[in-house]
Amino acid sequence: MSTTVATPKFQHVTIIFPPGQEKFLRSFYVDVMGFREKPVPKVVKPLGWIWFHTGEEGVELHCVPEARTVPPDWTPHFCIQVDDLDTYRARLKESGHQIIEARALPFRPRFFTRDPFNNLIEIVRVEGDYIAAGEGAAGEGER
């Protein structure tokens, strides 16, 4: 007897920020990045969590206060897909955030930035199938 199991899907991504920096976190993720804040359930509200809607229904960005800091050379990241890279590049530069250029991939113009708490974010515009272009995906750990 064969059982088909559905492929797992992301429900949320969690990042950390220093306690007391809620205003700074909201300013970056709402004003610069364009996310909308989502009310957190009453059961976790006392924990100080802040959640944001993403462009994918049911997939959230969770931000959790944490005394530990993200190391300066931290490369694990999440990636957001946008329609207009130039707008995001300009918003980030205007708000004083560094643009980290990424290795070029076919049909995937992209760059990285760090939020005010050093979480790494990849920003990409999907223009087509880069694997079908014959280049293949970047190897693990490559940016």
Side-chain angles (χ1 to χ4, degrees), residues 1-71 73-95 97-133 135-143:
M1 184 167 109
S2 140
T3 305
T4 304
V5 177
T7 301
K9 64 180 181 177
F10 281 104
Q11 189 278 323
H12 72 270
V13 171
T14 299
I15 59 170
I16 62 172
F17 69 97
Q21 296 295 310
E22 294 82 358
K23 186 176 179 179
F24 205 27
L25 177 97
R26 286 180 171 105
S27 175
F28 179 78
Y29 282 100
V30 173
D31 300 336
V32 178
M33 298 304 293
F35 287 99
R36 290 180 299 114
E37 190 167 349
K38 177 179 183 169
V40 296
K42 197 185 315 186
V43 69
V44 297
K45 197 168 187 102
L47 300 174
W49 297 358
I50 298 172
W51 291 2
F52 296 99
H53 290 280
T54 69
E56 185 71 31
E57 187 62 37
V59 180
E60 304 155 350
L61 175 60
H62 293 184
C63 304
V64 176
E66 172 66 56
R68 290 176 296 166
T69 58
V70 178
D73 60 347
W74 193 246
T75 57
H77 64 279
F78 64 94
C79 179
I80 62 170
Q81 179 180 332
V82 301
D83 292 331
D84 187 349
L85 278 180
D86 293 335
T87 295
Y88 278 85
R89 188 181 293 273
R91 278 185 188 171
L92 287 158
K93 283 182 178 179
E94 287 169 14
S95 61
H97 296 277
Q98 179 185 12
I99 301 300
I100 305 162
E101 297 301 337
R103 185 175 68 92
L105 295 173
F107 303 114
R108 294 291 195 277
R110 65 198 184 113
F111 63 87
F112 288 83
T113 193
R114 291 191 181 274
D115 75 4
F117 317 108
N118 212 38
N119 293 293
L120 188 61
I121 305 165
E122 181 179 357
I123 302 173
V124 65
R125 182 176 68 237
V126 175
E127 298 176 342
D129 185 346
Y130 73 114
I131 295 171
E135 293 290 330
E140 191 173 316
E142 290 185 36
R143 286 195 289 158

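FYI, the numbering just counts along the sequence from 1.
Between the CZ atom in Arg114 and the CD1 atom in Ile121 there is a gap of 9.5 Å [rounded to 0.5 Å]. Taking CG from Asp73 and CG from Asn118, the interatomic distance works out to 8.5 Å, rounded to the nearest 0.5 Å. Rounded to the nearest 0.5 angstrom, His77 NE2 and Asp115 CG are separated by 13.5 Å. Distance check, rounded to the nearest 0.5 Å: CG of Leu92 to CZ of Phe28 gives 5.5 Å. Atom CD of Gln21 sits about 13.0 Å away from atom SG of Cys63, to the nearest 0.5 Å.
Remark: side-chain polar atoms of Thr113 are not paired, donor with acceptor, to backbone N or O of Ile99 under 3.5 angstrom. Distance alone, capped at 3.5 Å, places no donor-acceptor pair between the Arg36 side chain and the His53 backbone. For Ser27 (side chain) and Lys23 (main-chain N/O), no donor-acceptor pair under 3.5 Å exists by modelled atom type. Under a 3.5 Å cut-off, the side chain of Tyr88 and the backbone N or O of Val82 do not form any donor-acceptor pair. Counting only distance, with no hydrogens or angles, the side chain of Asn119 and the backbone of Ile16 share a donor-acceptor pair below 3.5 Å. At distances below 3.5 Å, not a single donor-acceptor pair connects side-chain atoms of Arg110 with backbone N or O atoms of Gln81.
Ion pairing of Glu94 with Arg89 is absent here, as no side-chain N (NZ or NE/NH1/NH2) approaches a carboxylate O to less than 4.0 Å. Comment: Arg26 engages Glu37 in a salt bridge, judged by a side-chain N to carboxylate O separation of less than 4.0 angstrom.
Annotation: Gln11, atom CD; neighbour count of heavy atoms from other residues, nucleotides and ligands within 6.0 Å is above 12.
When the options Trp51, Tyr29, Phe52, Phe35 are evaluated for a ring pair (Phe, Tyr, Trp, His ring centres under 6.0 Å) with His62, the one that passes is Trp51. Among Val13, Val59, Ile80, the single residue meeting the side-chain contact (heavy atoms from CB on, under 4.5 Å) criterion with Thr54 is Val59.
Looking only at side-chain heavy atoms (C-beta outward), Leu61 and His12 stay at 4.5 Å or farther from each other. Between Asp129 and Phe107, every side-chain heavy-atom pair lies at or beyond the 4.5 Å cut-off. Side-chain contact between Leu85 and Phe111 is present, with heavy atoms from C-beta onward closer than 4.5 Å. Residues Glu127 and Pro109 form a side-chain contact, since some pair of their non-hydrogen atoms from C-beta on lies under 4.5 Å apart. Here the side chains of Leu120 and Phe112 are in contact, with some heavy-atom distance below 4.5 Å.
Shortest non-hydrogen contact noted between Pro116 and His97 is CG-CE1, 3.8 Å.
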